[in-house]
Novice: 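This is the structure, below, for whatever I ask next.
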Amino acid sequence: SIKQAIEARHGFYQMLAINMGTLAGMAKGDTAYDEATASRAAANIEALTHYDLPSLFIEGSAAGTAEDSAAKPEIWADMDGFKAKFSGLQEAATGAAEAVKGGADNVGPVVGKLGAACKACHDSFRQKS
Ligand code: ASC
């Protein structure tokens, strides 16, 4: 159903955000660097980007049409562009679990790359609250 697809999207983004938060905390020095924790968070993000998220953006689930959706109608007007943004996140995540190993200084660049991919999609396709 539309409700289920929207809830699944939100769950997906929550999982992304939790793992991004783990990495961002270490990059900023708010939390102590721990290689295994960092690598596991990055591996989770890599794994998430192999889920076919765009398939959850079913017809009728845009903001303004469906409840609790922040998905701009532009997604359906440009599904290829939307999918390309998600591919951008997948590319940014590739190798992240290895890249964050070796010290806190290695986490920042990964967070920067991932965050830029998040933002690129939000700028075009997420309704501002
Ligand atoms: C995060 C998060 C986002 C992105 C975005 C990047 O950690 O929750 O939505 O990064 O802020 O610009």
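Whatever order the structure lists them in is the order used to number ligands and atoms, beginning at 1.
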Novice: Tell me, do Leu89 and Leu16 make a side-chain contact under 4.5 Å, heavy atoms counted?
Specialist: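 A side-chain contact exists here, since the closest heavy-atom pair is under 4.5 Å.
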Novice: Suppose we screen for salt bridge (Lys or Arg N to Asp or Glu O under 4.0 Å). Which residues come up paired with Asp105, at least two apart in sequence or across chains?
Specialist: none
Novice: Can you tell me how far the NZ atom of Lys119 sits from the CZ atom of Arg126, to the nearest 0.5 Å?
Specialist: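 Going from the NZ atom of Lys119 to the CZ atom of Arg126 covers 10.5 Å.
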Novice: List the protein residues in contact with ligand 1, where contact means a heavy-atom separation under 4.0 angstrom.
Specialist: Met20, Gly115, Cys118, Lys119, His122
Novice: Can you list the residues that meet the salt bridge (Lys or Arg N to Asp or Glu O under 4.0 Å) rule with Lys101, with sequence neighbours excluded?
Specialist: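 Counting only residues at least two positions away or on another chain, Lys101 forms a salt bridge (Lys or Arg N to Asp or Glu O under 4.0 Å) with Glu98.
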Novice: What is the ring orientation for Phe125 with Phe82, classed by angle as parallel under 30°, tilted 30 to 60°, or perpendicular over 60°?
Specialist: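 Ring orientation, 0 to 90° scale: perpendicular.
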Novice: For Thr49, what residues pass the side chain to side chain donor-acceptor pair (under 3.5 Å) criterion, not counting sequence neighbours?
Specialist: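 Side chain to side chain donor-acceptor pair (under 3.5 Å) check on Thr49 returns nothing, list empty.
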